[in-house]
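Both backbone and side-chain heavy atoms feed into the values below; hydrogens, waters and symmetry mates do not. Atoms within a ligand are numbered from 1 in the order they appear, just like the ligands themselves.
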Amino acid sequence: MTTKLKTKNSKLKTSANWRKEVESVLITEQQIAWRVKTLAREIERDFRGRETVVVSLLSGTVMFLADLMRHLNLPLRLDFIGVSSYGTGTESGELVFTKELRLDVRGRDVLLVDDILDTGKTLCRVLPKLRALKPRRIKVCVLLDKPDRRVEKIKADYTGFSIPDFFVVGYGLDFAERHRNLPFVGVLHPHIYKQACKHICRK
Ligand code: IMP
Ligand code: MG
């Protein structure tokens with residue numbers, strides 16, 4: 001099940017500290033907390049009785065993963081894959097693996113967790129690598145989905161929220177490694193990434 005976002009939240013004002021860079025709150029802490037709990041129930045139903053390995057993509061998943069895991073009443077193992085995109089501004093660029101999986105997933109059920117499904121390029125690079133390790137099955141769970149930006153044919157099995165084409169930060173998601181610590185998901189002010197893009201393009 002996907003929860004469609006109610007746009008009225010975008011009118012909420014952020015606290016003064018963030019207001020210059022984050023123009024609005026898209027998903028509140030309370031909405032996230034409720035949705036993460038209900039997602040955990042869906043996942044539990046599908047994974048009950050299986051040898052589960054949660055594989056999380058670094059680093060945008062940190063908050064989502066921590067909250068989701070504490071609601072998952074399942075025996076599970078946890079490992080991480082590091083993947084970085086060297087792009088400019090808000091566009092993803094070349095993908096580089098910065099940490100490989102250590103746990104053996106052969107014959108096990110894998111829950112692959114990512115922060116946001118955007119163009120789909122990241123998951124389309126990660127999934128074949130995981131499949132080559134011969135897990136019994138792989139299910140994909142993302143906190144956010146931006147379907148309007150998709151260039152690859154890929155869908156998540158579990159989606160927290162489907163959102164419009166905004167560049168969002170907070171609850172683990174970053175812009176240039178900042179804003180991960182915001183407790184909500186907010187829309188980055190376009191002037192921030194336009195500035196960054198100008199700076200990068202001039203170099
Ligand atoms: P994709 O490869 O285009 O699907 O993008 C996936 C990755 O790009 C995510 O895991 C994020 O790290 C990053 N990303 C995409 N959209 C956003 C966004 O709106 N805010 C922050 N990061 C994003
Ligand atoms: Mg990511």
Parallel, tilted or perpendicular: which fits the ring planes of Trp18 and His179, with parallel below 30° and perpendicular above 60°?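 Aromatic pair Trp18/His179 classed perpendicular.
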Where's the contact between [X] and ligand 1, heavy-atom distance under 4.0 Å: side chain, backbone, both or neither?
X      : answer
Asp174 : backbone
Arg149 : neither
Val168 : both
Phe175 : neither

Check ligand 1 against [X] and write out every atom of the ligand that is under 4.0 Å from a heavy-atom position of the residue.
X      : answer
Asp118 : 1 (P), 3 (O), 4 (O), 5 (O), 15 (C), 16 (N)
Asp114 : 10 (O)
Phe166 : 19 (O)
Lys146 : 16 (N), 17 (C), 18 (C), 19 (O)

Polar contact flag, side-chain donor to acceptor under 3.5 angstrom, Arg41-Thr38: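 The answer is no; no qualifying pair exists.
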Under 3.5 Å donor-acceptor, Asp79 side chain and Val55 backbone: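 Pair absent, no side-chain N/O of Asp79 close to backbone of Val55.
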Of the choices Thr119, Leu26, Leu117, Val185, which has the non-hydrogen atom that lies closest to atom 1 (P) of ligand 1?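 Of the listed residues, Thr119 has the closest heavy atom.
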Nearest to atom 13 (C) of ligand 1 by heavy atom, Thr122, Ile116, Val83: which? Ile116
Do Lys129's NZ or CZ and the ring of Phe97 fall within the cation-pi criteria of under 6.0 Å and 45°? yes
Do any nitrogen or oxygen atoms of Leu173 come within less than 3.5 Å of a nitrogen or oxygen of ligand 1? no
Judging by distance only, is a nitrogen or oxygen of Phe167 under 3.5 angstrom from one on ligand 1?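 In this structure, Phe167 places no N or O atom under 3.5 Å from an N or O of ligand 1.
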Salt bridge (Lys or Arg N to Asp or Glu O under 4.0 Å) assessment of Lys155 paired with Asp145: CA-CA 9 Å; Lys155 269 179 81 180; Asp145 184 9; over 6 Å; no
Pairs of donor and acceptor atoms involving the side chains of residues 163-170, under 3.5 Å and at least two apart or interchain, shall be tabulated with distances.
none

Which residues share a salt bridge (Lys or Arg N to Asp or Glu O under 4.0 Å) with Glu152, sequence neighbours left out: none
Gly120 near ligand 1, heavy-atom distance under 4.0 Å?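 The answer is yes, since Gly120 has a heavy atom less than 4.0 Å from ligand 1.
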Determine, for Arg149 against Asp118, whether the closest basic-nitrogen to carboxylate-oxygen distance falls under 4.0 angstrom. yes
Shortest non-hydrogen contact from Asp109 toward Arg50: OD2-CG, 3.3 Å
